[in-house]
Amino acid sequence: MPRPSVCVYCGARAGTRPSYTATAQATGAMLAARGWRLVYGAGDVGLMGEVARAAMAAGGQCFGVIPAHLYNREVGKRDLSTFIITEDMHERKKVMYMNSGAIVVLPGGAGSLDELFEVLTWRQLGLHAKPILLLDTEGYWRPLMALLRHLVAEGFADASLLDYVELLPDVAALESRLATAFG
């Protein structure tokens, strides 16, 4: 049976709170400790770099995917278990999605939102049933959840949309949820 793999979307920046970095590091270490492969954007900057370095330091496997145009900007991390350079962002997102059994989203910016909304839309359309898990460090994702509820209330999405995203308070809850998902 193949090793369970977790796609982690997160910022190419560290953000303003030290807790974001600590959570990224704890996530990477937890994935490695459980023997779950990290699938991520292959950058060595921001929270992306923190997750990968922590996973690698704990002996974990890391599968990184980066588009050629971001290789220098995100400082492509070449010392990963698997390192793939794609032609564009669309291919990057597809390769990351296809090589994972669950999606985890840590704090991040527009790129992380883009990745999240793509897999959320695919889930809404019935194209997959992978868990989409938001790690809610210091309430980071609560405004997004309010927006999703607003979409439903205004008639632009079915209430089932809210069932496709799970808000988790910390890495321990994330680990428990992933253990359930991977059986």
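Source: prediction; values computed, not measured. Position 1 is the first residue of the sequence, and the numbers go up from there.
- Annotation: F63 is not in aromatic contact with F83 [ring centroid separation under 6.0 Å not met].
- The environment of CZ in R13 is sparse: at most 12 heavy-atom neighbours from other residues, nucleotides or ligands sit within 6.0 Å.
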Exercise for review: Go through L106 and V104 one step at a time and tell me if the side-chain contact (heavy atoms from CB on, under 4.5 Å) criterion holds.
Suggested key: CA-CA 7 Å; L106 305 181; V104 172; 4.2 Å; yes
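- Side-chain contact of T21 with E50: a donor-acceptor pair under 3.5 Å is absent, judged by distance alone.
- Side-chain contact between H69 and M89 is present, with heavy atoms from C-beta onward closer than 4.5 Å.
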**Study point:** Candidate pair L174 and L133, rule side-chain contact (heavy atoms from CB on, under 4.5 Å), full reasoning
**Key:** CA-CA 8 Å; L174 174 63; L133 311 171; 3.8 Å; yes
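- Judged by distance alone, the side chain of D136 and the main-chain N or O of L167 form no donor-acceptor pair under 3.5 Å.
- Distance CG/D79 to CZ/R53: 10.0 Å, rounded to 0.5 Å.
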Practice item. Give the C-alpha distance, both sets of side-chain angles, the deciding distance and a yes or no for side-chain contact (heavy atoms from CB on, under 4.5 Å) between L135 and V105. Key: CA-CA 6 Å; L135 193 48; V105 189; over 6 Å; no
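- Criterion: ILVMFWY side-chain heavy atoms under 4.5 Å apart, direct or through other members. Under it, L70 and I85 are part of a common hydrophobic cluster.
- Taking all atoms of both residues into account, the shortest heavy-atom contact from V8 to L31 is CG2-CD1, 4.1 Å.
- No continuous path of ILVMFWY side-chain contacts below 4.5 Å connects W141 to V6, so the two sit in separate hydrophobic clusters.
- A distance of 6.0 Å or more separates the ring centres of H150 and F156.
- For the pair Y40 (side chain) and G43 (backbone), a donor-acceptor distance under 3.5 Å is present.
- Residue H128 qualifies as enclosed at atom NE2: its count of foreign heavy atoms under 6.0 Å is above 12.
- Across all their heavy atoms, A54 and Q25 have their closest contact at CB-O, 3.2 Å.
- Distance check, rounded to the nearest 0.5 Å: CG of D170 to CE of M30 gives 10.0 Å.
- Scanning both residues, C62 and R37, for their nearest heavy atoms gives N-CG, 4.5 Å.
- A donor-acceptor contact shorter than 3.5 Å links the side chain of R92 to the backbone of V65.
- The distance from the CG atom of L134 to the CG atom of L116 is 6.0 Å, given to the nearest 0.5 Å.
- Using a 4.0 Å cut-off between a side-chain N of Lys or Arg and a carboxylate O of Asp or Glu, E115 and K93 do not qualify as a salt bridge.
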**Study point:** E166 and I132: CA distance, side-chain angles, deciding distance, side-chain contact (heavy atoms from CB on, under 4.5 Å) verdict
**Key:** CA-CA 6 Å; E166 297 175 54; I132 302 171; over 6 Å; no
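- Using a 4.5 Å heavy-atom threshold, the side chains of P131 and R177 count as touching.
- Taken to the nearest 0.5 Å, the CG atom of L120 stands 6.5 Å off from the CG atom of L148.
- The closest side-chain donor-acceptor pair between T86 and E91, if any, does not fall under 3.5 angstrom.
- In this structure, S100 contributes its side chain and M96 its backbone to a donor-acceptor pair below 3.5 Å.
- I66 and I103 fall into different hydrophobic clusters, where Ile, Leu, Val, Met, Phe, Trp and Tyr side chains are chained together by heavy-atom contacts under 4.5 Å.
- Atom NZ of K130 is separated from atom CZ of R123 by 11.0 Å, given to the nearest 0.5 angstrom.
- One N or O on the side chain of N99 and one on the backbone of V95 form a donor-acceptor pair closer than 3.5 Å.
- Side-chain atoms of S112 come within 3.5 Å of backbone atoms of C10 as a donor-acceptor pair (strictly under, hydrogens ignored).
- Between V51 and L38, some side-chain heavy-atom pair lies under the 4.5 Å cut-off.
- Cluster membership check: F117 shares its hydrophobic cluster with M145, using side-chain heavy-atom separations under 4.5 Å among Ile, Leu, Val, Met, Phe, Trp and Tyr.
- In this structure, the separation between OH on Y9 and CG on L113 is 12.0 Å, given to the nearest 0.5 Å.
- Here the closest heavy-atom approach between residue T137 and residue Y20 is recorded as CG2-CD2, 3.7 Å.
- For the residue pair Q124 and Y164, the shortest heavy atom distance occurs at CA-CE1, 3.6 Å.
- For the pair F182 and A102, the tightest heavy-atom approach, listed with the atom from each and the gap, is CZ-CB, 4.1 Å.
- L178 and V171 end up in the same hydrophobic cluster when Ile, Leu, Val, Met, Phe, Trp and Tyr side chains are linked at under 4.5 Å.
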